[in-house]
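Any value given below was found using the heavy atoms of this structure, including those in side chains, with hydrogens, waters and symmetry copies removed.
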Amino acid sequence: MKLRLRLNLLITLVMLFFILILGGVIMVASKQSIEEGVESAHSVTLQLLDSVIISSTQNPEWGHTHEVMKAYLEDLGRVRSNMIYLYDLQNNLLYQSPQSTYRLNENPPAWFVKALAPRSVVNARLIRFGRLVVQSDSIGAIKEAWAVMGQLFYLTLSFLIVLNVIVYFLLGRWLRPLNPMLDAISSMGRGDFKTRLPKFQIPDFDLISDNFNKMGAKLEKNINENLRLALIAEQTADAVAIYDDKQKIRFWNKSAERIFGYKKNEVMGQHANLIVPKNLRREFKDYADLARKKQAVLYYETKRKAKNGRLIDLSISRSPLVDPNSKKVVGDIVSMRDISEKILAEKSQRELQQNRELTAIIQEHVEDERKSLARELHDELGQYVSAIKIFSQNILNRTKGKDKAISESATTVISAANQIYDGMHSIIKKLRPGSLDNLGLTETLRDMVNSWNQQYEKLNVKLKIDGDIDQLGEMANINIYRIIQEGMNNCVKHAKASLVNIKLSMKKDQLTLLFKDNGVGFDKKILESTKQFGLVGIDERVKALNGQFEVVSEIDHGTEIRIILPIKN
């Protein structure tokens, strides 16, 4: 089926669908109108007949009601949309409404009558010596609706026929340019790339014609070019060279000029050993032999020599260049990517990782020394201070009441010993909190928070711990402790905060630490120009544990430290 006929058929189907919908809408509206008209006429008829019945009852001199009603109905005749029946007491029919003469020639089909006919309503009235029955009858209104629908159908059918004729004629004119287009495409498909299309008056077809002609000209030009040029894989970012079967350079792109420093006219016809270091020429020959065997070598890392003698780290891919007719290898296509920066970045990353590992080892040794020093202070100095207190107390007991000067001196020595003992315990706590080894990280942090709240009355420190954090290991425990300790030191010294929230959350193999205050905050740009050793120390500890560290702060909006640490079982 041709496109013209298909479009015409599609438009016809759309119009038929629209007509069906319109007919349905009209039928629904007609049914509602018929229902309202029949109901209204039935109601008016009942009211009229009730008034006659009442008047007859109030005027007995008129005669019996059924006789009065019969005479009235005979004078009244046919009532629209109603059938009226009058019976005597023996149920004999005295009167029946005459049949409607409205549109006698209209005979709507049964389905139409069934679709539009409202529910029949029957009302009866008992009168003196008789019975009056009034039944709704909508056939007249239905006939009228059928007549209107018939007129509409013929009008629509005429319009549809006229529209189809017009559309078919217009489509014929509009689609006329398709014939030369199809002929041109068929001709090009047969290999005639000189085929061209004329100009058309319709803008869209003219645009197609113009693009088709440009495409044909380009195809014709490309087909006429040397087939070997079509085999070259141009990679703008990588150096691309083509070697012939004697490994002489036959193609050299701009990227190769940029990377090696040799201009195209300097290398054309030269052996590829020009850029191969002497110690790598055996490797070069091995890969050339693989290319002759039609084996591609992809992404092997090696070095090549630039014009200035500099060695360049490269990732090289070599593919055999095969003649499509003889199927013989006529050379190699070589793609070379400079990876010097990549290797340098990897080296820097390894050195950075080594530095972090060294930092972690140093921190571990520092913590060990702190732990040892705290133990020595507690065991050695603590014993000496305790001995001094005991000796001084003995002296005080023996001289009490005997020698006032000696007693006062002994009291002073005891007081000094107590201060030394308290100071020593404070130093020990800073060096290594004993509760960290004895009670675990949770209780140590709670004890530290309680200490801060007692020491700084205007500062409210809140600690929330979700999950079990007491099984992290000594290295993680002491680092988390030091991180929170350093965060609190920064807060006390600089933040001027009144509230600090510390939250640790342990989920699966990840520990999240949030440290947030409501202090004055700071501009993060100062981190680039000044050395914030506290934050740097926290950052180094986090990186030593392979974690993530982020500082969020704004002036007058407080500071938040976010830390995520991976925890291995």
Side-chain angles (χ1 to χ4, degrees), residues 363 366-367 370-371 373-374 377-378 382 415-416 418-466 469-470 472 476-506 511-524 526-527 530-542 549-563 565:
Q363 288 179 351
V366 169
E367 293 298 336
R370 285 180 174 179
K371 185 177 181 181
L373 181 58
L377 286 173
H378 182 272
S415 177
N418 286 332
Q419 292 179 1
I420 293 173
Y421 194 82
D422 292 340
M424 179 189 69
H425 272 281
S426 178
I427 294 173
I428 291 173
K429 193 172 183 180
K430 291 180 180 179
L431 288 173
R432 177 76 178 187
S435 57
L436 195 60
D437 298 320
N438 301 322
L439 302 177
L441 181 59
T442 300
E443 293 301 325
T444 301
L445 293 178
R446 287 175 179 167
D447 180 64
M448 182 167 58
V449 168
N450 291 333
S451 175
W452 283 327
N453 283 326
Q454 292 175 3
Q455 186 176 358
Y456 303 100
E457 296 180 355
K458 295 182 179 180
L459 181 62
N460 182 14
V461 184
K462 296 182 179 181
L463 174 66
K464 183 178 180 181
I465 299 175
D466 294 334
I469 64 170
D470 289 327
L472 303 180
N477 284 347
I478 192 62
N479 276 286
I480 293 169
Y481 178 84
R482 295 297 184 202
I483 288 170
I484 296 177
Q485 190 179 51
E486 186 61 43
M488 276 303 304
N489 289 338
N490 288 340
C491 183
V492 170
K493 291 178 183 178
H494 309 294
K496 299 180 182 179
S498 61
L499 176 64
V500 177
N501 286 305
I502 304 172
K503 181 178 179 181
L504 289 98
S505 177
M506 184 71 183
L511 176 68
T512 303
L513 168 60
L514 298 178
F515 187 102
K516 186 175 182 180
D517 65 60
N518 65 345
V520 296
F522 64 92
D523 188 350
K524 289 179 64 177
I526 67 172
L527 295 177
T530 61
K531 294 183 178 180
Q532 302 293 325
F533 291 106
L535 293 177
V536 171
I538 293 175
D539 189 25
E540 287 301 321
R541 288 182 182 274
V542 171
F549 172 71
E550 182 183 6
V551 178
V552 179
S553 183
E554 293 183 18
I555 296 177
D556 297 330
H557 288 82
T559 301
E560 181 177 355
I561 297 176
R562 303 172 184 171
I563 295 172
L565 299 177

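Partners of K496 by side-chain contact (heavy atoms from CB on, under 4.5 Å), not counting sequence neighbours, listed by chain and number: V520. In this structure, the side-chain contact (heavy atoms from CB on, under 4.5 Å) partners of S498, at least two apart in sequence or on a different chain, are N518. For the side-chain contact (heavy atoms from CB on, under 4.5 Å) test, residues two or more places apart in sequence or in another chain that qualify with V492 are Y456, L459, M488. With sequence neighbours left out, S505 forms a side chain to side chain donor-acceptor pair (under 3.5 Å) with no residue at all. Take A495 and apply the side-chain contact (heavy atoms from CB on, under 4.5 Å) test, not counting sequence neighbours, and it matches C491, A497, D517.
Residues L499 and K462 are in side-chain contact: their nearest non-hydrogen atoms beyond the backbone lie under 4.5 Å apart. With a 4.5 Å cut-off on side-chain heavy atoms, I563 and I483 count as touching. Using a 4.5 Å heavy-atom threshold, the side chains of L463 and L445 count as touching. In this structure, F515 and V500 have side chains that are in contact, with non-hydrogen atoms separated by less than 4.5 Å. I484 is listed as a side-chain neighbour of M448, based on a closest heavy-atom distance under 4.5 Å. Counting only heavy atoms from C-beta outward, the side chains of L514 and I561 never approach each other to under 4.5 Å. At least one side-chain heavy atom of I502 sits less than 4.5 Å from a side-chain heavy atom of L513. Counting heavy atoms from C-beta outward, I469 and L511 have side chains that approach closer than 4.5 Å.
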Quiz item: Can I480 and L565 be said to form a side-chain contact (heavy atoms from CB on, under 4.5 Å), step by step?
Solution: CA-CA 10 Å; I480 293 169; L565 299 177; 4.1 Å; yes
Quiz item: Where do M506 and D466 land on the side-chain contact (heavy atoms from CB on, under 4.5 Å) test, with the steps shown first?
Solution: CA-CA 6 Å; M506 184 71 183; D466 294 334; over 6 Å; no
Practice problem: Evaluate side-chain contact (heavy atoms from CB on, under 4.5 Å) for F549 paired with I538, printing each intermediate quantity in order. | Solution: CA-CA 8 Å; F549 172 71; I538 293 175; 3.4 Å; yes
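Within the structure, the side-chain hydrogen bond (donor to acceptor under 3.5 Å, both in side chains) test picks out the following pairs touching residues 551-561 (sequence neighbours left out): S553-T559, E560-R562.
Note that CG of N490 is 11.0 Å distant from CD of Q485, once rounded to the nearest 0.5 Å. Rounded to the nearest 0.5 angstrom, N489 CG and H494 NE2 are separated by 9.0 Å. Between T444 atom OG1 and Y481 atom OH the span is 7.5 Å, to the nearest 0.5 Å.
Remark: side-chain polar atoms of D447 are not paired, donor with acceptor, to backbone N or O of E443 under 3.5 angstrom.
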